[in-house]
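Here the structure is laid out as C-alpha cells; the discussion comes afterwards.
Values reported hereafter were calculated over all heavy atoms of this structure, with side chains retained and with hydrogens, waters and symmetry mates removed. So that the names make sense, note that chain A is the first sequence line, chain B the second, and so on, each numbered from 1.
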Amino acid sequence: MVLEHMSTDLYDKISNLGKRRGIIFPAFEIYGGVSGFFDYGPVGALLKRNIEDRWRDFFVNKEGMVELESSLIMPSQVFEASGHLSHFTDIMTKCTKCNRAYRTDNLLNELGIECREGMKIDELDKLVEENSIRCPECGGALTKSEPFNLMFQVKIGSYGGSIIGYGRPEVAQGQFVNFKRIYSAERERLPLGIAQIGRCVRNEIAPRKGPIRLREFTIIDYEIFMDPENTSYSRIKLVEDQKLRILPISEQVSKTNKILEVTIKEALEEGIVKNQVLCYFMALAVKFLDNLGIPSEKQRLREQLPEERAHYSSETFDQEVWLERWGWTEVSGHAYRSDYDLRNHMAHSGVDLRVYKAFDQPKKVIKAIVKPRIDVLETEFSREDAQKIISLISKGDQNIIERELKTKGFYELTGLPPIRLELKHVEIIMEEVIESGRSFIPHVVEPSFGIDRIFYSTLEYAFAEKGNRMTLKLPKEIAPISAGIFPLVSRDGLPEEAKKLYELLQDEGFKVRYDESDSIGRRYARADEIGVPLCITIDYQTLQDKTVTLRDINTWKQIRNKSTELPQLLREYFKNRLQFDELGKPVEQRKNQSHN
RNA sequence: GCGACCGUGGUCUAGUCUGGUCUAGGACAAAGGCCUUCCAAGCCUUUAACCCGUGUUCAAAUCCCGGCGGUCGCACCA
C-alpha cells in the first residue's frame with residue numbers, strides 16, 4: 001500500500017506533539033542521532049508504564065499468572081540452545097561493483113540452487129563459485145561471504161578469559177532458562193503463565209518507520225506452559241461469544257484478503273484456530289488494545305504463512321493494527337511453540353526440564369521389557385558389536401522397540417551404521433507395573449507484544465484535532481496525568497486555595513499537575529495535548545463554599561462539587577465505577593466576559 | 001545495504017535553482033511581567049536555528065565532496 005503524503009499525516013503530527021510535549025522523540029539528538037533508537041520523555045514514560053500496568057492487570061493478575069524479570073545480557077550458550085545464534089546470523093555477500101548486499105542463501109535459492117539450512121560459509125561460497133554466480137543487479141563479482149549477526153555481542157568480564165554474551169533479542173529465553181525454578185516456586189501447577197516485560201536489542205540492518213522498528217525496544221513475552229495432553233483453558237467459556245477478526249492463510253493465498261468475523265467458539269469449532277489457549281489469549285489481546293482505545297474493527301489477527309512461521313511452530317497469528325501511514329502493522333504475535341525451547345535447553349544444558357504429573361489414580365500399565373539374547377547376538381555379530389547392541393536396546397524406549405518388532409518384524413537401532421534388530425535377537429517379557437504419574441516437557445503458547453508499537457498505536461487512535469487544537473483522548477485509566485489543578489486567576493487567594501487541593505490529591509496518590517500561568521483556556525489546551533482527562537478549576541465560588549469545577553477533556557462539559565469529596569469520587573471515576581456526569585452538579589457554560 | 005528525495009529556533013516553515021541585500025523573515029509554542037471570573041484573548045520583555053566535517057570562493061544556509069539523520073521504494077525483519 002503506497003500512501004501519498006502531500007500534507008502532513010498523523011505520524012507527522014504525532015511526532016511533533018511527541019517532541020513538543022516530552023512524549024517520545026529520537027534519541028541522542030544533540031549528537032545527530034542514531035537510527036533505531038527513541039527515548040520516552042516525562043509524559044511518555046508515564047504513559048508507557050501505565051500501558052504496561054494495564055497489560056499486567058489483564059494478562060497476569062486477572063489470569064492468576066506470574067511475572068519474571070530476567071537478565072538482559074545472556075551467555076552465548078543460551079542462544080546456541082535457542083537457535084538464535086544460527087537463525088539470527090545471516091551470511092551475507094556483497095557485490096564488489098555496486099556494493100549491494102545479499103543473503104548468500106537467499107541469492108542461491110532464488111537462482112534455483114538448493115542449499116540446506118545451517119550451511120557453513122565455506123560451503124555457501126563454494127556453491128557461489130561452482131555456479132559462477134554474479135551480482136543479479138549489475139553482474140559484478142561477489143565478495144567472500146561474511147556472517148552478519150543481528151544480535152549485539154558483548155564481552156562479559158574485562159580481562160582475559162572473558163566469555164561471550166549477547167543482548168537478548170527477545171525476553172522469552174528468560175522464562176525458559178528459569179522454568180524449573182519458577183515451576184517449583186509456583187507449586188508445580190499447569191498451565192503456568194510466566195510473563196516478562198523488558199528491553200530487548202536487535203542490531204537491525206536498516207531500522208525505519210519511527211518507533212515501529214527499533215534497535216532497542218520493550219517486549220512483553222508471555223509463555224504459557226501447559227500439558228500437551230490437556231490444552232484446554234477453562235476461562236475460555238467466559239469469552240466464547242466474543243468476535244474475532246481473522247485473516248486466515250487461505251484468504252491470503254487466494255489474495256482475496258477477506259477478514260472472517262467469527263466468534264471464538266466458531267473459530268475453534270471450525271478449526272480456524274486450533275489451540276484453545278492460543279485462541280483465548282488472542283481474544284484477550286484484542287480486548288486489551290480495545291481497552292487502550294484501539295477499536296477492534298481497526299485490528300485483525302493475521303495467520304502467518306507457513307514460510308514466515310518459525311519451523312517449530314504449527315500455528316502463529318499476528319495481531320495487526322491499522323496505522324494511517326503504514327497500513328496493517330504487527331503489534332503482537334501469538335505462536336504455538338510446542339516443546340521446542342525447553343527441549344533444546346534440556347539437550348544443551350543436560351538438566352532435566354521435564355515436569356512430573358501424578359495420575360488421579362495410579363495406573364496399571366503393561367510394560368515391555370526387551371531382553372537381548374546374548375547367545376544369538378554373539379553368533380551373528382562380533383563381540384564388540386553385540387555389546388553395543390545390548391547397550392542401545394537398554395537406552396531405547398522399550399515399548400516402542402516392542403511395538404515395532406511386533407508390527408514390522410524389525411527395529412532399526414541408531415548406531416553407525418544402523419543395525420537391524422530382529423525378533424530372534426531378543427526375548428520380550430510383558431510386565432504389569434503400577435505407575436503413579438508421568439514425566440513430560442510442557443508445551444508453550446506464546447503471546448508476545450511490542451510495547452513501543454502499541455504505545456504509538458495508542459497515540460494514533462487517541463489523537464484528535466479541533467480547529468488548530470490537538471487533544472489526546474486517552475482512556476482515563478492510562479492517562480499520564482490524572483488531573484490538572486488550575487486557579488481561575490492567579491490572585492485574590494485562588495492560587496493558595498488551588499495548591500491546597502493539589503497537595504491533598506497528591507497525598508491521596510493521584511498524579512496531578514498544578515498550573516497558574518496564562519489564561520484558563522490556554523491551560524485547558526495544554527492539558528488536552530497530553531491527555532489529562534480532568535481539569536479542576538478553583539474560582540471565586542470556591543472561596544465561599546469550597547466547591548470546584550471539573551472539566552471533561554472529551555466533551556468540555558463542566559460539573560461542580562465540594563473539593564473534599566474529590567479523593568473518593570475520583571477514585572471511583574478512574575476505576576470506571578462513576579461517569580463524569582456523576583461527579584457533581586452540571587455547570588452552565590459561561591461566556592468569557594473579560595475579552596469583550 | 002542500494003536508489004530517489006530531504007535536513008533552517010521548541011514546532012512548522014520562507015529563503016537554496018541564480019553565493020553578497022540573511023549575525024536570517026513569519027506563524028505557533030515556551031519563559032518573565034502586566035492584565036484577566038472558564039476554552040490557545042490582549043500588551044510589554046526575553047530566549048532561540050541554517051545537521052556535522054572538509055573543500056571551492058574576497059564571500060557559503062545557498063555550490064562540491066564525505067559523514068550522520070529522516071521519508072519513500074527495493075532488500076532485511078528466525
Please work out if A:Glu170 contacts a base, only the sugar-phosphate, or nothing of the nucleic acid, heavy-atom cut-off 4.0 Å. base
Roughly how many Å is it from CG in A:Leu10 to C1' in B:rC12, rounded to a whole number? 17 Å
Can you tell me whether the side chain of A:Glu529 and the base of B:rA40 have a donor-acceptor pair closer than 3.5 Å? yes
Side-chain N or O of A:Ser519 less than 4.0 angstrom from OP1 or OP2 on B:rA41? yes
Does the base of B:rC39 carry an N or O that pairs as donor and acceptor with the side chain of A:Arg523 under 3.5 Å? no
Can a salt bridge be assigned to the pair A:Arg202 and A:Glu170 using a cut-off of 4.0 Å between side-chain N and carboxylate O? no
Is there a donor and acceptor pair closer than 3.5 Å between the side chain of A:Arg551 and the base of B:rC38? no
Separation of B:rG69 atom C1' from A:Phe38 atom CZ, nearest Å, is 11 Å
If you check every side-chain atom of A:Ala206, which of B:rA40, B:rG1, B:rC38 has the closest atom? B:rG1
Euclidean distance for P, B:rG25 against B:rC38 (whole angstrom): 37 Å
C1'-based separation of B:rC34 from B:rC51 [nearest Å]: 40 Å
Whom does B:rU46 pair with, Watson-Crick or G-U wobble, provided both distances fall under 3.5 Å? B:rA30
Is it the case that the base of B:rC38 and the side chain of A:Thr549 share a donor-acceptor contact (distance under 3.5 Å, atom types as modelled)? yes
Parallel, tilted or perpendicular: ring planes of A:Phe574 versus A:Phe510, cut at 30 and 60 degrees: tilted
Under 4.0 Å between a side-chain N or O of A:Arg208 and OP1 or OP2 of B:rG69? no
Which of A:Arg168, A:His345, A:Gln196 passes side-chain hydrogen bond (donor to acceptor under 3.5 Å, both in side chains) with A:Gln173? Answer is A:His345
Closest to the 5' end of RNA chain B, once A:Thr537 and A:Glu29 are matched to their nearest nucleotides, is A:Glu29
Partner nucleotide of B:rU37 by Watson-Crick or wobble geometry (both distances under 3.5 Å): none
Is A:Tyr166 close to A:Phe152 at the side-chain level, that is, under 4.5 Å between some pair of heavy atoms? no
Which nucleotide sits closest to the side chain of A:Lys209: B:rA40, B:rC72, B:rA75? B:rC72
Any strand counts, and the cut-off is 3.5 Å on both contacts for Watson-Crick or G-U wobble. Which nucleotide pairs with B:rC72? B:rG3
Which of these nucleotides, B:rC77, B:rU36, B:rG1, is closest to any side-chain atom of A:Val489? B:rU36
Does the base of B:rC38 carry an N or O that pairs as donor and acceptor with the side chain of A:Tyr524 under 3.5 Å? yes
Looking for any heavy atom pair under 4.0 Å, which part of the strands does A:Gly83 touch: base, sugar-phosphate only, or nothing? nothing
The reported gap from CD in A:Glu324 to OG in A:Ser457 (rounded to nearest 0.5 angstrom) is 13.0 Å
In the structure I gave you, are the side-chain heavy atoms of A:Arg215 and A:Val34 within less than 4.5 Å of one another anywhere? yes
Roughly how many Å is it from CD in A:Glu465 to P in B:rA40, rounded to a whole number? 16 Å
Rounded to the nearest Å, what distance is computed from the CG atom of residue A:Asp518 to the C1' atom of nucleotide B:rG32? 11 Å
Expressed in angstrom and rounded to an integer, what is the separation of A:Leu472 atom CG from B:rA40 atom C1'? 16 Å
Value rounded to 0.5 Å, distance of CG in A:Asp318 from CE in A:Met282: 10.5 Å
Under a 3.5 Å cut-off for both distances, is B:rG66 Watson-Crick or wobble paired, and to whom? B:rC52
Taking only the side-chain heavy atoms of A:Trp556 (C-beta and beyond), determine which of B:rA75, B:rC39, B:rC38 contains the nearest atom. B:rC39
From C-beta outward on A:Asn16, which listed nucleotide comes closest to its side chain: B:rG69, B:rU11, B:rC38? B:rU11
Quote, to the nearest angstrom, the C1' distance that separates B:rC22 from B:rA61. 9 Å
With nearest nucleotides of RNA chain B determined for A:Arg215 and A:Tyr312 from heavy-atom distances, which residue corresponds to the more 5′ nucleotide? A:Arg215
Check if the side chain of A:Asp12 and the base of B:rC12 share a donor-acceptor pair of N or O atoms closer than 3.5 Å. no
Taking only side-chain N and O atoms of A:Arg491, does any of them lie within less than 4.0 angstrom of OP1 or OP2 on B:rC34? no
Taking atom types as they are modelled, is there a donor-acceptor pair under 3.5 Å from the base of B:rC76 to the side chain of A:Glu204? no
How many angstroms lie between CD1 in A:Ile24 and CZ in A:Phe455, if you round to the nearest 0.5 Å? 5.0 Å
B:rC50 to B:rU62 separation - C1' atoms, rounded to the nearest Å: 10 Å
Grab the CD1-P distance between A:Ile553 and B:rC38 for me, whole Å please. 21 Å
Would you tell me if any nitrogen or oxygen in the side chain of A:Arg522 comes within less than 4.0 Å of OP1 or OP2 on B:rA41? yes
Taking atom P of B:rC39 as reference, at what distance in whole Å does atom CG of A:Leu534 sit? 18 Å
4.5 Å side-chain heavy-atom contact, A:Ser82 and A:Phe176: no
When all nucleic acid strands are considered with a 4.0 Å heavy-atom cut-off, which category describes A:Ser35: base, sugar-phosphate, or nothing? sugar-phosphate
Integer angstrom distance from the P of B:rU46 to that of B:rC39: 31 Å
Taking atom P in both B:rC64 and B:rC72, what distance in whole Å separates the two? 26 Å
Distance check, P atoms only: B:rC5 and B:rG66, in whole angstrom units. 14 Å
According to a strict under-4.0 Å criterion, is A:Arg526 in side-chain N/O contact with OP1 or OP2 of B:rA30? yes
Please determine whether any donor N or O and acceptor N or O are separated by less than 3.5 Å between the side chain of A:Arg213 and the base of B:rC76. yes
Gap between atoms CZ and C1', on A:Phe25 and B:rG70 respectively (whole Å): 17 Å
From the options B:rA40, B:rA78, B:rC39, select the nucleotide whose nearest atom is closest to the side chain of A:Phe88. B:rA78
Which value, in whole Å, describes the distance between the P atoms of nucleotides B:rA30 and B:rG15? 27 Å
Under a 3.5 Å cut-off for both contacts, is B:rG20 paired Watson-Crick or G-U wobble with anything, and if yes, with which nucleotide? B:rC58
